[in-house]
Each structure stands twice: as C-alpha cells, then as structure tokens.
Amino acid sequence: QVQLVESGGGLAQAGGSLRLSCAASGRTFSNYAMAWFRQAPGKEREFVAAISRYGGSTYNADSVKGRFTISRDNAKNTVYLQMNSLKPEDTAVYYCAGDSFAGLRTTEWSYHYWGQGTQVTVSS
C-alpha cells in the first residue's frame, strides 16, 4: 500500500508559477513510476506528466510541454511538478499517481495509487 499526499496548489495569475509536491509513504518510493494528472470542471481527467522510477525518463503532455517539469527526489519520497507560464486553461484539480512498473505510462488505469488532489486556479 502506498499513500500519496499532494500539496502546493493555490491561486496564481496567468504567466505565473506554482510548484506541486506529492509525498509518498508506505513502500519503497523508488520502485514506483509516478505521474501527474488533472481534471478541470466538467471535463475528464487527463494526463499531464510522468517520470520513471529513478527519474531517468520523463514525458509531458503536449499541452504543457515547455512549461511544466516533472521531477522526483527518491531520498525525500517526493515527486514534483514545476508549473511555469501558467494559463487559465491550466485550472484544474491536480492528482499524483503511482505504481510499480518500469518505464512510463500515460493512462489512468496504469496507476493503482492516487492522491486526493490539489486545486490549482489560474486567473487571467
């Protein structure tokens, strides 16, 4: 069992930055590939970014490429999402997710463990 807790959400202006954190507990964090997803009001949850178990590989959705960066610190059992050049359309609840597989995956059903989500609101 892995517990994931997100933090760092809040209100930002368009063009601003936020950094989300996801702290994991319960199992060896480096065994788990991690990802961020988001869900905007009235929309389905969508993939944002993923990172492999040791951080050697990352992948971002086209909508956030060049603006968001996923990273992890296995010594701190934490995965991060640095969000720069924020846009109003980035407004959503952001979720971190994890599971014990090699490589990267971008689909929700690949991840067994989920956090409770953190709200990000970007004003224009």
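The first residue of the sequence shown is numbered 1, and numbering continues consecutively from there. Both backbone and side-chain heavy atoms feed into the values below; hydrogens, waters and symmetry mates do not.
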TODO: Specify the closest pair of heavy atoms between S30 and N74, including all atoms of both residues, with the distance to one decimal.
DONE: CB-ND2, 3.4 Å
Task: Nearest heavy-atom neighbours spanning A12 and L86 - done: CB-CD1, 3.8 Å
TODO: May I ask you to check whether over 12 heavy atoms, not counting those of K43, lie within 6.0 Å of atom NZ?
DONE: no
Open item on the list: Quick check against the 3.5 Å criterion: does T78 have a side-chain atom that pairs as donor or acceptor with the backbone of K76?
Closed with: yes
TODO: Report the C-alpha separation of H112 and V2 in whole Å, then their side-chain angles, then the decisive distance to 0.1 Å, and conclude whether the side chain to side chain contact (heavy atoms under 4.5 Å, CB included) test is met.
DONE: CA-CA 9 Å; H112 184 68; V2 174; over 6 Å; no
TODO: Kindly indicate, with the supporting measurements, whether the criterion side chain to side chain contact (heavy atoms under 4.5 Å, CB included) is fulfilled by C96 and Y113.
DONE: CA-CA 8 Å; C96 72; Y113 302 102; over 6 Å; no
Task: Closest non-hydrogen atom pair between Y59 and T106, with its separation - done: CD2-CG2, 3.8 Å
Task: Sub-4.5 Å side-chain heavy-atom contact between R105 and Y111 - done: yes
Open item on the list: Nearest 0.5 Å, please: how far is CZ in R38 from CD in Q119?
Closed with: 12.0 Å
TODO: Please answer whether the main-chain N or O of T121 pairs with a side-chain N or O of T91 as donor and acceptor at a distance below 3.5 Å.
DONE: no
Open item on the list: Are the side chains of M83 and R67 in contact, using a 4.5 Å heavy-atom criterion?
Closed with: no
- [ ] Please confirm whether the backbone N or O of Q116 pairs with a side-chain atom of E6, one donor and one acceptor, at under 3.5 Å?
- [x] yes
- [ ] Output every pair passing ring-ring contact (aromatic ring centres under 6.0 Å, His included) with a member in residues 73-99, not counting sequence neighbours, ordered by first then second residue.
- [x] none
Task: Between N84 and S17: side-chain donor-acceptor atoms closer than 3.5 Å - done: yes
Open item on the list: Please determine whether residues M34 and L104 belong to a single hydrophobic cluster, defined as Ile, Leu, Val, Met, Phe, Trp and Tyr linked transitively by side-chain heavy-atom distances below 4.5 Å.
Closed with: no
Task: Check: S7 and R19 side chains under 4.5 Å, non-hydrogen atoms - done: no
TODO: Provide the closest heavy-atom pair for P88 versus S124 in the form atom of the first, atom of the second, distance.
DONE: CG-CB, 3.8 Å
Task: Nearest non-hydrogen partners of D73 and F29, listed with the distance - done: O-CE2, 4.2 Å
TODO: Identify the two heavy atoms, one from A33 and one from R72, that lie closest to each other, and give their separation to 0.1 Å.
DONE: CA-NH1, 4.1 Å
Open item on the list: Could you see if F47 belongs to whatever hydrophobic cluster contains I51? Use Ile, Leu, Val, Met, Phe, Trp, Tyr and a side-chain cutoff under 4.5 Å.
Closed with: no
Open item on the list: Just so I know, are the side chains of E46 and Q39 near enough to count as touching, which here means a heavy-atom distance under 4.5 Å?
Closed with: no
Task: Between W114 and F37, ring centroids under 6.0 Å - done: yes
TODO: Look only at the side chain of R53 and the backbone of Y32, and say whether a donor-acceptor pair between them is shorter than 3.5 Å.
DONE: no
Open item on the list: Can a donor-acceptor pair be found, under 3.5 Å and without considering hydrogens, that links the side chain of D90 to the backbone of V120?
Closed with: no
Open item on the list: Check whether T58 reaches the backbone of I70 with its side chain - one donor and one acceptor, N or O, closer than 3.5 Å.
Closed with: no
Task: Q3 side chain near Q1 side chain, heavy-atom distance below 4.5 Å - done: yes
